[in-house]
Number of protein chains: 2
Amino acid sequence: MDDAAPALNTAPATVEEFRDRLALVSEGLPKRLRQCADHIAANADRIAVSTVAELAAGADVPPSALMRFCQIMGFSGFSEMQKLFREAYAPGWPDYSTRLKNLKDNGAGSPAALLAEFVEAGRLSLEALAKSVDEAALDAAVAVLARAETLHVVGLRRAFPVATYLTYVFEKMAVPAMLHDAVGRLDHRFALRPGDAMIAITFTPYSEETLQLAQDARERGLPVIGITDRLTSPLARHSDAVLTVPEVDFGAFRSLSATIALAISLAVAVGSARGGADDLRKPEEKALPAE
Amino acid sequence: MDDAAPALNTAPATVEEFRDRLALVSEGLPKRLRQCADHIAANADRIAVSTVAELAAGADVPPSALMRFCQIMGFSGFSEMQKLFREAYAPGWPDYSTRLKNLKDNGAGSPAALLAEFVEAGRLSLEALAKSVDEAALDAAVAVLARAETLHVVGLRRAFPVATYLTYVFEKMAVPAMLHDAVGRLDHRFALRPGDAMIAITFTPYSEETLQLAQDARERGLPVIGITDRLTSPLARHSDAVLTVPEVDFGAFRSLSATIALAISLAVAVGSARGGADDLRKPEEKALPAE
DNA sequence: ACGGTTTTGGAATATTTATTCCATTTTATT
DNA sequence: AATAAAATGGAATAAATATTCCAAAACCGT
């Protein structure tokens, strides 16, 4: 009775392995179990969000049959199988609070260790950005900015580097842009002219001045593109298109990698939409001599 | 007991409605509930595959708080809310690499494709940085900056965002720092006092002013930490420690992801070396209130 | 058609997960 | 500083869900 069950010592660890195992196993399966295999194969993506009962109903078998099927696939039960799919879908973010503690316990935060953490946080942020961009909003933003006259860029505190970077790239691409820093407490409110557009950037303790300026712009009828951290940001209210950046933070410190990536994409897209398509193709000759 | 809960008669029927409601509702929310709103907004896609307990842990609130949040959103409870997301669930953005491909498939030059490129460039830069960082130089830089009095930061053009970011983080950590922008063509050369130190940042078409200021500092006996792109950079000549950042570029455009990561690491390391070790342990209370 | 073997369905149980409730704490108001 | 109102955390409870088990049914070779 030991080797009776055919070859199922180890559970699949990835979705690929799962599919392999499924193909392998479903050869000589009795009727009900084959129904399970077929339905699962056809609806693998719903495993993560279904209950045993639902899946069983779908395969038109009683729950216990599906249960047996899971075990034949090498899992201890349905829950374990489901876990695979739930995790595969959203690769769990490491939790930084414990990581931070470890780091602290070990090397008292040697600079190199710290750098490793920020590099990792940056990488995750970039990946998350790729996964979560709202393409429609991005397209809309580019369209708006491409047809505006001068572009007003505002962002203070943590967002200031992003604002300066945007302005820098616009300048290199010969797009008229104006940076609203707050030097000398001068707000250049009256520089906002009909036909212009604004890019406003602000993060968590949202800066009052930025919000204010965005609102001003809105009231003067300028379209406003918001770059912020959450859809629930107050900036969203004043914006015609909102781009959110899921920046993962390490301790109390939040990186900017993803935000910068989004900013340069936006700028280059706008620049090439305005300047004609070949701005991108041969940029080394036209637009941006590196620094 | 009928009108106790404020204004929440009808439950969102689509994800769109859900987002609207979320934005609407999260205005005047007390602390814990706001944490829920934020975490949910940032991780809406994981609702379908998570339990109350998991989501609550992610938002760093007890399950009952999240439960209340669901009701404020107009649902009878978590299960009803989850149902919405399970039905809408399509394992849409599976993993990073296929998502990138999808973005690129929008056609070369489209904003989404551009973003994919910059995300990729950023990631590569970060990886390269992690591999190539000169730990000795980093340690030396931190040591020097930790024992200096005020820190002078200079970086113009493409390096300017980095300089402003550094200054921002220093300020948040209560490290005296001075940003040498070039506003009004004022060079604050005479602010360089014995006992101070300088961080100078410049990349390929090295900016004359930055080099000049670094040289000034050197001549006055201040230690200079250089952040640049190659070891053969002219900045290296004026620096006591040189940190190089291998930023990969896309077309004529070079990202800043790695440079930013290096900058924040440097700043945090310096900040905690100066301020006592626990700057890192409880940063949320001391140093940096998020933005 | 008979005994042995495999497969099946569903009822019983165990486990996990959601939800409610209320005693404490916090916050706002006077 | 005193009071009322709102918010919070956690323990208790309810509900849903997974899992096991076994008697009945189907199957198979003789």
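Quantities reported herein were computed from a predicted structural model and do not represent experimental measurements.
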Take the protein atom [atom1] of [X] and the nucleotide atom [atom2] of [N], then report the distance between them rounded to whole Å.
X       : N      : atom1 : atom2 : answer
B:Met81 : C:dA18 : CE    : P     : 11 Å
B:Lys31 : C:dA28 : NZ    : P     : 12 Å
A:Ile72 : D:dT19 : CD1   : P     : 15 Å
B:Arg34 : C:dT27 : CZ    : C1'   : 17 Å
B:Met67 : D:dG9  : CE    : P     : 16 Å
A:Leu66 : C:dG9  : CG    : C1'   : 14 Å
B:Lys83 : C:dT19 : NZ    : C1'   : 17 Å
B:Gln35 : D:dA7  : CD    : P     : 14 Å

Subject >> Distance, nearest 0.5 Å, that separates CD1 of A:Ile227 from OG of A:Ser233 >> reply: 11.5 Å
Between [options], spot the one nearest the side chain of [X], thanks.
X       : options               : value
B:Phe78 : D:dT8, D:dT20, C:dA18 : C:dA18
B:Leu33 : D:dT8, C:dA18, C:dT8  : D:dT8
A:Arg68 : D:dT19, D:dA7, C:dT8  : C:dT8
A:Pro62 : D:dT8, D:dT20, C:dG9  : C:dG9
B:Arg32 : D:dG9, D:dT20, C:dT8  : D:dG9
A:Val52 : D:dG9, D:dA18, C:dT19 : D:dA18
B:Gln71 : D:dT8, C:dA18, C:dT20 : C:dT20

Subject >> Residues B:Phe85, B:Phe18; criterion ring pair (Phe, Tyr, Trp, His ring centres under 6.0 Å); working and verdict >> reply: CA-CA 10 Å; B:Phe85 285 87; B:Phe18 178 88; 4.9 Å; yes
Original post:
With sugar-phosphate meaning primed atoms plus P, OP1 and OP2, does B:Ser79 contact a base, only sugar-phosphate, or nothing at under 4.0 Å between heavy atoms?
Top reply: sugar-phosphate
**OP:** Looking at every strand, decide which applies to A:Ser64 at a 4.0 Å heavy-atom threshold: base, sugar-phosphate, or nothing.
**Re:** base
Subject >> A:Arg218, CZ atom: more than 12 neighbouring heavy atoms under 6.0 Å >> reply: yes
**OP:** Tell me, with the steps shown, if A:Gln35 and A:Arg32 meet side-chain hydrogen bond (donor to acceptor under 3.5 Å, both in side chains).
**Re:** CA-CA 5 Å; A:Gln35 283 173 247; A:Arg32 289 284 114 105; 2.8 Å; yes
**OP:** Go through the steps for A:Gln71 and A:Ser76 under the test side-chain hydrogen bond (donor to acceptor under 3.5 Å, both in side chains), then give the verdict.
**Re:** CA-CA 6 Å; A:Gln71 286 162 355; A:Ser76 73; over 6 Å; no
